[in-house]
Amino acid sequence: ALRASFALKAHKGAQVVQTPFQPQASYKVAVLGAAGGIGQPLALLIKMSPLVSDLHLYDIANVKGVAADLSHCNTPSQVLDFTGASELANSLKGVDVVVIPAGVPRKPGMTRDDLFNINAGIVKNLVEAVADNCPEAFIHIISNPVNSTVPIAAEVLKKKGVYNPKKLFGVTTLDVVRANTFVAQKKNLKLIDVDVPVVGGHAGITILPLLSKTKPSVSLTDEEVEKLTVRIQNGGTEVVEAKAGAGSATLSMAYAAARFVESSLRALDGDGDVYECCYVESDLTELPFFASRVKLGRKGVEALIPSDLQGLTEYEQKALEALKPELKASIEKGIAFANKQA
Ligand code: NAI
C-alpha cells in the first residue's frame, strides 16, 4: 500500500481503469523554469498526465517554443506559455500545483550549496509571486540547495501571511528513485517492487537512505550498506561528472518530479493511499525541516510517518545524528537570507 503511485500506474498499465480511482483532467499545474534542462522533460511528462487540464509554462526566456511543441501532443491538457516577470502573475492564477525547477545547476567540483547565491534570490522572487497569486497551491521546490531553498520559501510565505506548512515541499523524490534503482540492481530484484525510504535532506550526507526499511526486505552486508548509501548520496555528483560541465541530472529528475506531481494530483483528487518522501516542515526530529515519508491528502501533508525513524540500525542512527548539524546550518542559512532581504 505504501508504494509510489506514478510507478504503480506505469507498471499496471491498462489495469489502472479497474481501480475505483477514476482520473479526471481538472487540475492546473505551473512549471517555473520550464525551458530548462529539467523543465522541458518535466513539462512533457506532466502533459501526459490524465489529471491535468491546464499546463502553464513560465521562464525568463525560450518558453514559447517549448509550449508550441508540447501543445501538439493529443493529451487532455491545454498548454500556455508565459515569458518574463510581467507574465509571472498570470502564469500562477488559479493554479493547483506549482513546480519550481528555476535556477542554475551544478558543474563538476561544485556542491549544491555553491548554488545558493544565485538560486536563493530566484526562489525568493518566484515564491513571492506564488504567495500573491495562488497561495492555496501545493508548492514543489526543486531548485538547489533544497535544504535551504525550502526554508527560504517558508519565510517568504510567512511574511506574506499565507504560509501553510502542509503545502510546501522540497522535492527529494530523485533520492528515492535512485535508492530503489541501485538496491534493485544490487539484489537482482524487480525494479518496480522496490521501495526505499530516504530521509534527512537533499545534499551529500544529509541524504539518508534507510536501507533496513526497504520493501520487500533485503539482507545486505555492512559493506553493501556502506557502498549503497554512499552511491545514493553521490548519485547527483555521478551525473554531474558524467555530463562534464553540461549540467546536472535533468531526465531522471524530471521523471522523479513528475512522479511527485502525479502523487500530489492523486491526493488532491481524493485518493486516500498516497505516500511520498519529501522535505517538509517536521517535528520528527529537533530540526524544523526534515525529509521523511508523508501521507498526502487533499490539504497537503496529512501525516508524517514516524515509524520509519524507529528501530534504526546502528549505522543509520549514527548517520542520522551526523547529518543533523549540516542540515541545521543549511536551514539557518536559508532563514537568515530570507530575513536579511526583508
Ligand atoms: P537549467 O539551467 O537547465 O534550467 C534552469 C531554467 O531556469 C532555465 O531555463 C532558466 O532560464 C530558468 N530560470 C533562471 N532564472 C529564472 C527565474 N528568475 N524565473 C524563472 N526561470 C528562471 O537547470 P536545470 O538542470 O533544469 O536545474 C534546475 C535546478 O534544479 C538547479 O538548481 C538544480 O540544482 C536543481 N536540481 C534539483 C534536483 C533535486 O533533486 N531537487 C536534482 C537536479 C537538479
Side-chain angles (χ1 to χ4, degrees), residues 4 6-7 10 29-49 52 55-70 73 79 81 83 97-116 118-119 122-123 126 139-147 149-150 169-182 191 198 202-204 207 231-264 276-279:
F6 197 76
V29 179
V31 179
L32 312 184
I38 295 167
Q40 292 199 35
L42 173 57
L44 171 61
L45 293 171
I46 296 172
K47 179 76 176 89
M48 291 167 69
S49 170
V52 178
L55 177 54
H56 290 183
L57 304 182
Y58 172 81
D59 206 302
I60 49 175
N62 304 327
V63 78
K64 240 185 168 45
V66 176
D69 192 352
L70 276 182
C73 300
V79 184
D81 63 280
T83 305
V97 177
V98 182
V99 191
I100 308 186
V104 290
R106 287 192 288 160
K107 293 197 158 71
M110 289 172 88
T111 68
R112 292 178 180 86
D113 191 55
D114 292 333
L115 306 172
F116 187 96
I118 299 175
N119 290 354
I122 292 174
V123 169
L126 293 175
I139 307 171
H140 295 182
I141 308 271
I142 295 172
S143 316
N144 271 316
V146 164
N147 289 356
T149 50
V150 170
F169 307 90
V171 180
T172 60
T173 325
L174 182 53
D175 301 317
V176 175
V177 164
R178 285 179 177 138
N180 294 351
T181 303
F182 299 163
L191 258 164
V198 183
H202 176 68
I207 299 168
R231 181 156 186 226
I232 294 160
Q233 289 171 336
N234 291 334
T237 305
E238 218 175 85
V239 178
V240 169
E241 283 168 3
K243 291 197 176 178
S248 59
T250 55
L251 303 173
S252 51
M253 180 62 235
Y255 168 78
R259 165 175 145 173
F260 194 59
V261 168
E262 193 70 11
S263 290
S264 297
E276 288 284 359
C277 286
C278 45
Y279 180 64

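- In terms of the side chain to side chain contact (heavy atoms under 4.5 Å, CB included) criterion, Asp69 has no residue partners (sequence neighbours excluded).
- In this structure, the separation between OG1 on Thr173 and CD on Glu262 is 12.5 Å, given to the nearest 0.5 Å.
- Looking at Asn180, its side chain never comes within 3.5 Å of a backbone N or O of Val177 through a donor-acceptor pair.
- Side-chain contact check for Arg106 versus Leu115: some heavy-atom pair is nearer than 4.5 Å.
- The two residues Thr83 and Ile60 come nearest to each other via the heavy atoms CG2-O, 3.7 Å.
- Take Ser143 and apply the side chain to side chain contact (heavy atoms under 4.5 Å, CB included) test, not counting sequence neighbours, and it matches Ile100, Val123.
- Between the OG1 atom of Thr181 and the CD1 atom of Ile232 there is a distance of 9.5 Å, given to the nearest 0.5 Å.
- Looking at every heavy atom in both residues, Ala257 comes nearest to Ile142 through CB-CD1, 3.6 Å.
- Atom SG of Cys277 sits about 9.5 Å away from atom CZ of Phe260, to the nearest 0.5 Å.
- More than 12 heavy atoms of other shown residues, nucleotides or ligands fall within 6.0 angstrom of atom CG in Leu191.
- Minimum heavy-atom separation, Ala249 to Arg178: CB-NH2, 3.5 Å.
- Under the side chain to side chain contact (heavy atoms under 4.5 Å, CB included) criterion, Pro105 pairs with Ser248, not counting sequence neighbours.
- For Phe116, the ring-ring contact (aromatic ring centres under 6.0 Å, His included) partners two or more places apart in sequence, or in a different chain, are Phe337.
- Summarising the geometry of Gln233 relative to Gly204, their closest heavy-atom pair is CG-O, 3.5 Å, with the distance given to 0.1 Å.
- Between Thr172 and Cys278, the shortest heavy-atom contact is OG1-CA, 3.4 Å.
- Nearest approach of Gly103 to Asn119, heavy atoms of both residues: CA-OD1, 3.3 Å.
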Show me, pair by pair, the donor-acceptor contacts under 3.5 angstrom made by side chains of residues 32-47, not counting sequence neighbours?
from: Gln40; atom 1: NE2; to: Ala35; atom 2: O; distance (Å): 3.0
from: Lys47; atom 1: NZ; to: Cys73; atom 2: O; distance (Å): 3.2
from: Lys47; atom 1: NZ; to: Thr75; atom 2: O; distance (Å): 3.0
from: Lys47; atom 1: NZ; to: Thr75; atom 2: OG1; distance (Å): 2.6
from: Lys47; atom 1: NZ; to: Ser77; atom 2: O; distance (Å): 2.9

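- Rounded to the nearest 0.5 angstrom, Thr111 OG1 and Asn144 CG are separated by 9.5 Å.
- Rounded to the nearest 0.5 Å, atoms CD1 (Ile139) and CZ (Phe169) are 9.5 Å apart.
- With sequence neighbours left out, the salt bridge (Lys or Arg N to Asp or Glu O under 4.0 Å) criterion links Lys107 to no other residue.
- Pairs passing the side-chain hydrogen bond (donor to acceptor under 3.5 Å, both in side chains) check and including a residue from residues 55-66, sequence neighbours excluded, read Lys64-Asp81.
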Q: Quick one: do Met253 and Val171 satisfy side chain to side chain contact (heavy atoms under 4.5 Å, CB included)? Show the steps, please.
A: CA-CA 9 Å; Met253 180 62 235; Val171 180; 3.8 Å; yes
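- Side-chain contact between Val146 and Arg112 is absent, with no heavy atoms from C-beta onward closer than 4.5 Å.
- Under the side chain to side chain donor-acceptor pair (under 3.5 Å) criterion, Ser252 pairs with no residue at all, not counting sequence neighbours.
- Under the salt bridge (Lys or Arg N to Asp or Glu O under 4.0 Å) criterion, the residue pairs touching residues 237-257 are Arg231-Glu238, with sequence neighbours excluded.
- Take Asp175 and apply the side chain to side chain donor-acceptor pair (under 3.5 Å) test, not counting sequence neighbours, and it matches His202.
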